[in-house]
Amino acid sequence: MEVYYLKSSDFKPKLFARPMVMALGFFDGVHLGHQQVINTARKFGQEKNLPLAVMTFDRHSSMVFADPKKASFRYLNTLQEKIDLMKREKVDYLFVVEFSRDFAATSPEDFVQRYLIDLQVKVAVAGFDFTFGKYGLGDMELLKKLGEANFQTVTVPKKNRTQP
């Protein structure tokens, strides 16, 4: 697995650009719902003969805006544990985005252009509650609209506890 650490200030997507299927999310803990997102992306990758990529973030968004003395987000995994879990999931490329104030200010349109279209994502897969862009204004419906000319968007529904 190749791991790329991306900073919004110096990210040059053309350096990494290759057609791929990408699962998007924070993936803390890689629980059953996360596994469903990754496995759905894997299925599309196999069907289209494209590598499997995952884009995740180095920290939770709340840690960027909270008072460091009062921040209380409890991670289920360290970043290194998350990387190890992705290796076990047989991910080809892992993109770890630095979640900074600069990144948080990215518009939904710029996020889609820079982090998906410019990376040549052909299928973007995320959970029903994935949000992106400034103030988290982008949702799966907007992702589909913004990407429709360049990539397919797949929304993984909420996993019901009674579902197999």
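All residue numbers refer to positions in the sequence shown, counting from 1.
We find the CD1-CE distance between I38 and M86 to be 4.0 Å, quoted to the nearest 0.5 Å. To the nearest 0.5 Å, the span separating CE on M22 from NZ on K122 amounts to 12.0 Å. L116 contributes atom CG, which lies 6.0 Å from atom CG of L143 (distance to the nearest 0.5 angstrom). Distance OG1/T155 to CD/E141: 9.5 Å, rounded to 0.5 Å. Once rounded to the nearest 0.5 Å, the distance linking CZ of R101 with OG1 of T106 reads 13.5 Å. A distance of 12.0 Å separates OH in Y135 from OG in S107, rounded to the nearest 0.5 Å.
By the salt bridge (charged side-chain N to carboxylate O under 4.0 Å, His left out) test, E109 pairs with no residue at all, sequence neighbours left out. Looking at residues two or more places apart in sequence or on another chain, you find a side-chain contact (heavy atoms from CB on, under 4.5 Å) between Q80 and T78, I83, D84.
Taking the six-membered ring where tryptophan is involved, the planes of F57 and F99 are perpendicular, since the angle between them exceeds 60° and thus also 30°.
A donor-acceptor distance shorter than 3.5 angstrom exists from the side chain of D92 to the backbone of L52, with no hydrogens or angles considered. Formation of a donor-acceptor pair under 3.5 Å by the K82 side chain with backbone atoms of F26 is found in this model. Here the side chain of T56 pairs a donor or acceptor atom with the backbone of G25 at under 3.5 angstrom.
The two residues R18 and E2 come nearest to each other via the heavy atoms NH1-OE1, 3.9 Å. Nearest heavy-atom pair, M140 versus G127, reported as atom, atom and distance to 0.1 Å: CG-O, 3.4 Å. When all heavy atoms of L119 and M20 are compared, the closest pair comes out as O-CE, 3.4 Å. Counting all heavy atoms, side chain and backbone alike, F130 lies closest to A126 at CB-CB, 3.6 Å. Residues K145 and E148 come closest through the heavy atom pair O-CG, 3.4 Å. Contact between A124 and V121 at its shortest, heavy atoms only, is N-CG1, 3.9 Å.
Y5 and F27 fall within a single hydrophobic cluster, where Ile, Leu, Val, Met, Phe, Trp and Tyr side chains are chained together by heavy-atom contacts under 4.5 Å. Cluster annotation: V112 is not connected to L137 through the hydrophobic network of ILVMFWY side chains, with a link wherever side-chain heavy atoms come within less than 4.5 Å.
L24 places none of its side-chain heavy atoms less than 4.5 Å from the side chain of F95.
Cluster note: F128 groups with no other residue, as no ILVMFWY side-chain heavy atom lies under 4.5 Å from it.
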